[in-house]
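Reading through the structure tokens given below for one structure.
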Amino acid sequence: MKKNILLNPGPVNTSPRVQQALLKGDMCHREEEIFHLLQTIRKNVLQAFAPDGGYGIVLIPGSGTAAMESAVSSCLSPGKKMLIVNNGVYGARILTMTKSYGFSTVEVQSSWLKPPDLSKIEKHLSEDPSIEVVAMVHHETTTGLINPITRLGELVHQYQRTFLVDSVSGLGGEEIDLKKSHIQFCGGTANKCIQGFPGLSFVLIQENQVDRVLSFPKRSLYLSLSTYLQNGRSHIPFTPPVQIAYAFSEALEELLEEGVIHRISRYKDASTLLREGFKNLNLDLLLPEGLRSNTITSLKFPKGMTYKTLHDQLREKGFIIYAGQGKLESEIFRVANMGHLTQNDFKHFLNALEETLKGRS
Ligand SMILES: *Cc1c(COP(=O)(O)O)cnc(C)c1O
């Protein structure tokens, strides 16, 4: 039974099969079964997101931020700079990470409601040879905006720099071609569009980057890719969340059975249904068409409605919506459509939203 319909961007509603996998039993993480389980997870993530090869994967215990911080802490040569595209809370988070490691950075700030100006980024790349890594968020969950990763990747490639992408909320929900977008490092998590539980995340790493990463001094023990890449293989030298891994493995089986392309279309269909419903309720969307992701819709508050009222009344009906973040906190609310949900769930939500809005004033 689905008790709460989660319309927040992770953790998401999981299938009964994924939930059952949590109960596979107690097991020591040093036994053969668990090595095999983690190996199967790695193989299936790669099959889902890098089917043409050329990439390895590092599994990191922790939520998506753990994967991103491991990639950020591990991808830069000593003395070099990272350029960070900041057009939302998650771009800003990458910047905070680089600062906490004491890295030199170039921040390219950009409107939260527009794709970044690539010519501005190109200017930095052409003028500053010490910029080694360029980082951008694929799907800015703050607003639901899709950033132009392929076009930026081409630019980064042209200037022979390294491209780091946060696709924590993109993988499984948006099309992404790591090779075509010239991505060297890409962070992801088990519990958004892959429909597992929070607790395991991963970094997809282009194979030819592994030796580079291993040659840098370690800036962290737990959140360093080289900790996991030593001994020539991706390995978790700490206690992994075994039950979360059972469920992640099941979620990946489901993803591959459904097919990544079909998962993406299911999400796209869900967001189309929701957006038609929002239009009928005279709600205004924050972003113009063409910039919107398949899995998040940001909506302006209707007149006379606060987030608390809207949230609490919908919660009573079994639906959990999500607040705006940062400077948009008092202006928008968000409705995500990730997870094991059906068109019927979204139709029921639209009915509940209509009732809630009618009851206002
Ligand atoms: C959710 C999210 C993260 C952080 O993931 P956690 O699992 O909350 O640590 C990072 N980047 C993006 C784009 C996200 O949506």
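Order of appearance sets the numbers: ligands from 1, and atoms from 1 within every ligand. What you see is a predicted model; the values in this text were computed from it and never measured.
- Residues satisfying the side chain to side chain contact (heavy atoms under 4.5 Å, CB included) criterion with S226, sequence neighbours excluded, are V213, L214, K218, S224.
- A donor-acceptor contact closer than 3.5 angstrom links the side chains of S167 and H138.
- When all heavy atoms of Q325 and T142 are compared, the closest pair comes out as OE1-CA, 3.7 Å.
- Side chains of K317 and T356: a donor on one and an acceptor on the other come within 3.5 Å.
- Within 4.0 Å of ligand 1, contacts by protein heavy atoms are made from S63, G64, T65, Y90, R93, V137, H139, T141, D166, V168, S169, K192.
- In summary, the side chains of Y159 and E122 do present a donor paired with an acceptor at a separation below 3.5 Å, with no hydrogens or angles considered.
- Between the side chains of Q184 and Q209, no donor N or O sits under 3.5 Å from an acceptor N or O.
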